[in-house]
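The structure under discussion appears below in the form of structure tokens.
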There are 4 protein chains.
Amino acid sequence: MNKAILIGRLTKDPELKFTPSSGIAVANFTLAVDRNYTNQEGKREADFIPVICWRKLAENVANNLTKGRLVAVSGSIQTRKYQAQDGSNRYVTEVVAEEVKFLDWPKDKPQENIPDNFVEVEGEELPF
Amino acid sequence: MNKAILIGRLTKDPELKFTPSSGIAVANFTLAVDRNYTNQEGKREADFIPVICWRKLAENVANNLTKGRLVAVSGSIQTRKYQAQDGSNRYVTEVVAEEVKFLDWPKDKPQENIPDNFVEVEGEELPF
Amino acid sequence: MNKAILIGRLTKDPELKFTPSSGIAVANFTLAVDRNYTNQEGKREADFIPVICWRKLAENVANNLTKGRLVAVSGSIQTRKYQAQDGSNRYVTEVVAEEVKFLDWPKDKPQENIPDNFVEVEGEELPF
Amino acid sequence: MNKAILIGRLTKDPELKFTPSSGIAVANFTLAVDRNYTNQEGKREADFIPVICWRKLAENVANNLTKGRLVAVSGSIQTRKYQAQDGSNRYVTEVVAEEVKFLDWPKDKPQENIPDNFVEVEGEELPF
DNA sequence: TTTT
DNA sequence: TTTT
């Protein structure tokens with residue numbers, strides 16, 4: 001069992017890339033998630049949480065979200081090893097999004113232009 | 001909103017420390033959380049997720065958990081900046097545990113010796 | 001472990017009551033939560049989930065939310081027994097909210113008039 | 001967004017049925033989920049939460065779980081209308097399981113006889 | 001390296 | 001640096 005649920009704002013526009021071998025879409029962004037309390041100076045702090053998503057969801061995110069947008073993300077927490085420039089091993093912990101719900105809209109863009117308020121990861125069959 | 005829920009096994013015994021200034025207990029451990037699928041070689045992989053907890057919960061964890069124990073953890077995802085040895089900034093993403101539920105027990109230690117199967121973060125008042 | 005997280009809209013204004021003996025505030029409302037798929041007629045359906053909250057959170061909810069508002073709720077699932085009018089036992093399953101995050105605002109009411117975008121259940125102490 | 005995560009014990013053996021028209025497997029059970037506090041008499045109470053699951057997961061649950069087993073369930077909360085015997089409308093709130101993780105095993109049955117500790121809802125494709 |  |  002591995003579940004993560006976040007509500008926060010994109011710190012930048014999402015980055016869309018494609019895997020070199022199979023050309024699969026992958027998007028990365030960071031969410032600023034407000035903490036539920038204020039620090040000693042009375043300021044509300046935030047956590048800056050890296051999020052990754054794949055395929056149709058990645059494209060939907062890259063095409064419709066920009067810096068500052070408010071979203072809800074559900075998915076799981078993943079750890080990944082990578083090589084730093086100096087050749088040493090480094091570890092990232094990030095959220096792999098399965099669902100991204102858009103919670104606000106840019107003032108200059110009418111809401112009708114946004115394809116979908118929710119983003120299906122994969123079609124779900126109903127048992128009836 | 002910032003929620004994380006994990007079920008996994010400790011990769012090592014927890015480390016208990018105390019903050020230098022106020023002497024508050026803090027425990028760290030890593031959870032190996034199985035993924036719900038197998039890789040190309042048919043092997044089940046795991047994510048290795050760092051967990052931190054504070055105060056009474058930290059002491060309870062340090063006193064009762066050891067490498068290999070199965071637990072459920074709920075809490076939130078936090079990012080933290082720290083200085084690497086070379087002076088550069090580094091960022092960690094980890095789970096701050098609010099609740100740790102013990103899901104199995106060492107065979108050599110009778111279950112009666114373990115103070116509590118669940119760990120209260122703070123006393124909850126009932127409205128009646 | 002018992003966690004529920006919902007994003008949806010209030011189907012009515014919240015109802016605020018007080019417990020007869022101790023006068024503790026309790027608010028009830030129902031959330032319409034969209035399902036992530038459409039039915040055979042291509043219509044998006046919703047679940048109508050009863051939510052209850054207590055004390056300061058109940059008053060905050062009753063004073064600031066109205067029919068149609070979008071919120072995120074986190075808490076736990078509770079079952080409760082009650083007597084129907086015919087004297088038979090009936091059971092309700094509902095979500096006990098611990099956190100309610102306001103996600104939109106009425107167009108006619110400036111956002112500044114709303115005391116708090118997030119609602120603290122209880123003050124959290126920081127370990128530093 | 002609609003997420004529920006529970007850890008608890010089955011109050012009875014699961015009930016397996018099949019939909020009349022399409023013969024799809026559906027299993028029902030109730031989970032006793034301990035609350036994280038004790039009542040005025042110092043007793044730990046529980047919530048009794050109805051759970052439903054479908055298809056392969058329903059069969060896996062019916063074949064491998066019995067009264068008293070400890071499981072973790074993740075899924076969503078659903079409301080359903082049905083007709084009582086007196087013809088009046090009644091509403092149920094229940095958890096639709098997407099994942100059921102077995103957390104203990106009957107003492108008389110070796111663990112090897114249980115097909116799978118985790119239950120895949122549907123095969124997940126890896127992006128590599 | 002961070003959002004409103 | 002990883003658990004069963």
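Reminder, nothing fancy here: chain letters follow the sequence lines and each chain counts from 1.
Atom-to-atom, CG of A:Asp13 to C1' of E:dT2 comes out at 13 Å; the value is rounded to the nearest Å. For the pair B:Leu6 CG and F:dT2 C1', the interatomic distance rounds to 15 Å; values are reported in whole Å. When rounded to the nearest whole Å, the span between NZ of B:Lys67 and C1' of F:dT2 equals 8 Å. In this structure, NZ of D:Lys101 is placed 11 Å from C1' of F:dT3, rounded to the nearest angstrom. Put simply, CE on A:Met1 is 22 Å from P on F:dT3, counting in whole angstrom units. In this entry the distance linking CD of B:Glu45 with P of F:dT2 reads 13 Å, nearest Å. Protein atom CG of D:Leu103 is 13 Å distant from nucleotide atom C1' of F:dT4, rounded to whole Å. Rounded to whole Å, atom P of F:dT4 lies 15 Å from atom CZ of B:Arg44.
Between the CG atom of D:Leu65 and the CG atom of D:Asn60 there is a distance of 7.5 Å, given to the nearest 0.5 Å. Atom CD in A:Glu99 sits 4.0 Å away from atom CG in C:Asn36 (nearest 0.5 Å).
Checking E:dT1, E:dT2, E:dT4 against the side-chain heavy atoms of A:Arg9 singles out E:dT4 as nearest. With F:dT2, E:dT3, F:dT1 as the candidates, the nucleotide lying closest to the side chain of A:Asp34 is E:dT3. Counting only heavy atoms from C-beta on, A:Thr11 has its side chain closest to E:dT2 among E:dT2, F:dT2, F:dT1. In the set E:dT2, F:dT3, E:dT4, the nucleotide with an atom closest to the side chain of B:Tyr91 is E:dT2.
Using a 4.0 Å cut-off, no side-chain N or O of A:Lys81 falls inside it from OP1 or OP2 of F:dT2.
Residues B:Arg35 and B:Asp47 meet the side-chain proximity criterion, which asks for heavy atoms closer than 4.5 Å. In this structure the side chain of D:Leu57 reaches within 4.5 angstrom of the side chain of D:Val100, judged on heavy atoms.
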Check the pair A:Arg9, A:Asp104 against salt bridge (Lys or Arg N to Asp or Glu O under 4.0 Å), reporting the backbone distance first and the verdict last.
CA-CA 10 Å; A:Arg9 294 186 183 276; A:Asp104 68 358; 3.1 Å; yes
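A:Lys12 comes within contact range of no nucleotide atom at all, as no heavy-atom separation falls under 4.0 Å.
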